Amino acid sequence: MWENQMDINKVTEIRGKTTVYFGVRAIQKMNDIAARLAKLGVSKIAVITGKSSHIKTGAWAIAEQALTKNKIEFVLYSRVTPNPTADQVDEAAHLARNFGAQAVLAIGGGSPIDAAKSVAVLLAYPDRTARELCEFQFTPEQAVPIIAINLTHGTGTEVDWFAVVSIPEKEYKPALAYDCLYPMFAIDDPSLMTMLPPDQTMYVSVDAVNHAIEAATTNCTNPLAIHLAGEAIRLVAKYLPQAKNNPNDLTARYFLLYASMIAGMS
């Protein structure tokens, strides 16, 4: 199969709506991303994360160093939970707005990235709230630049135009889909995912399979979506058992991460 020809240690650029740095040690590209942001005039950024994975994986240490080197100040919001809520998005947006953030950096799985996408919209629409966004009371056409450092091989949100945020009191969990929600840059580095325990490894991989099935069976599917979905499912079936048996298998993580990415694209 084609996988045998790939060098997992070579960081490649995959260009769609989002420019993805993909491969082992792709996190080192954060300095290039920070330099690009600085050239665009970004001097302050809001970092959106969960409680601790950004620290445990080592991703934040490298990102912080890159921001500091390129003279980009930052404010950190690290209270995003699984299934992020409108209150968390509003809280993070308030913090970012008061700081003067001109961009957002998400570090984590689907929840921090989805929350950060929503914060990016609210920074562009300072008179709006997360509930107004989630209840489709306005249609955003812009957002501040979004950078995503992905820490799971499940959602594909680092390369797609979706964001999911909940309104708990209404038991309402809409999916937002807007062009402005595509990240500008994303980092997909399998070495950041070796700490995922076997159960989480399985859960996030099944999540990718679900996205592939949705893409292939929706009424608005297309040949490319079906092709990507089929390949994503094949790769998960082949490499998930390897990753469960050996969490440090970077080859397995690489192809599970690729499967997640193309499921998101599909």
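Small disclaimer: the values here were computed from a predicted structure and weren't measured.
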What orientation do Phe185 and Tyr21 show, parallel under 30°, tilted 30 to 60°, or perpendicular over 60°?
-> parallel

Less than 6.0 Å separating the ring centroids of Phe22 and Tyr254?
-> yes

Is the shortest heavy-atom distance from the side chain of [X] to the side chain of [Y] under 4.5 Å?
X      : Y      : result
His153 : Met193 : yes
Ile33  : Ile187 : yes
Leu40  : Met184 : yes
Arg36  : Thr19  : no
Leu133 : Thr129 : no
Leu95  : Glu91  : no
Thr194 : Leu250 : yes
Glu141 : Cys180 : no

Between [Y] and [X], is the closest basic N to carboxylate O distance under 4.0 Å?
X      : Y      : value
Glu169 : Arg131 : yes
Lys29  : Glu13  : no
Lys244 : Asp199 : no
Glu3   : Arg234 : yes

Ignoring hydrogens and angles, state whether a donor on the side chain of [X] or [Y] is under 3.5 Å from an acceptor on the partner side chain.
X     : Y      : result
Ser43 : Gln102 : yes
Gln65 : Trp60  : no
Asp90 : His94  : no
Lys51 : Thr81  : no

Between [atom1] on residue [X] and [atom2] on residue [Y], distance to nearest 0.5 Å:
X      : Y      : atom1 : atom2 : value
Phe255 : Trp2   : CZ    : CH2   : 5.0 Å
Ile45  : Ile72  : CD1   : CD1   : 6.0 Å
Ile147 : Ile48  : CD1   : CD1   : 13.0 Å
Thr251 : Leu256 : OG1   : CG    : 11.0 Å
Glu64  : His54  : CD    : NE2   : 9.5 Å
Met261 : Asp160 : CE    : CG    : 11.5 Å

Side-chain ([X]) to main-chain ([Y]) donor-acceptor, under 3.5 angstrom:
X      : Y      : result
Thr218 : Glu214 : no
Asp114 : Val164 : yes
Thr18  : Pro183 : yes
Thr152 : Gly109 : no
Asn245 : Pro241 : yes

Under the criterion side chain to side chain contact (heavy atoms under 4.5 Å, CB included), which of Val121, Val165, Val80 is the partner of Val89?
-> Val165

Answer yes or no: are there more than 12 heavy-atom neighbours, outside Asn219 itself, under 6.0 Å from its atom CG?
-> no

Quick check: are there more than 12 heavy atoms from other residues, nucleotides or ligands sitting under 6.0 Å from CZ of Arg128?
-> yes

Closest approach of Ala63 and Ile149, non-hydrogen atoms and distance?
-> CB-CD1, 4.1 Å

Ala106 to Ala116 - nearest heavy-atom pair and separation | CB-CB, 3.5 Å

Start with the C-alpha gap between Tyr258 and Leu235, add the side-chain angles, then the distance that decides, and say whether side-chain contact (heavy atoms from CB on, under 4.5 Å) holds.
-> CA-CA 8 Å; Tyr258 180 70; Leu235 290 170; 3.6 Å; yes

Start with the C-alpha gap between Ser191 and Asp189, add the side-chain angles, then the distance that decides, and say whether side-chain hydrogen bond (donor to acceptor under 3.5 Å, both in side chains) holds.
-> CA-CA 5 Å; Ser191 67; Asp189 183 342; 2.6 Å; yes

Under 6.0 Å from the six-membered ring centre of Phe99 and within 45° of its axis: does the NZ or CZ of Lys44 meet both?
-> yes

Please assess Arg253 against Leu196 for the test side-chain contact (heavy atoms from CB on, under 4.5 Å), listing each intermediate value before the final yes or no.
-> CA-CA 10 Å; Arg253 297 285 186 189; Leu196 285 171; 3.9 Å; yes

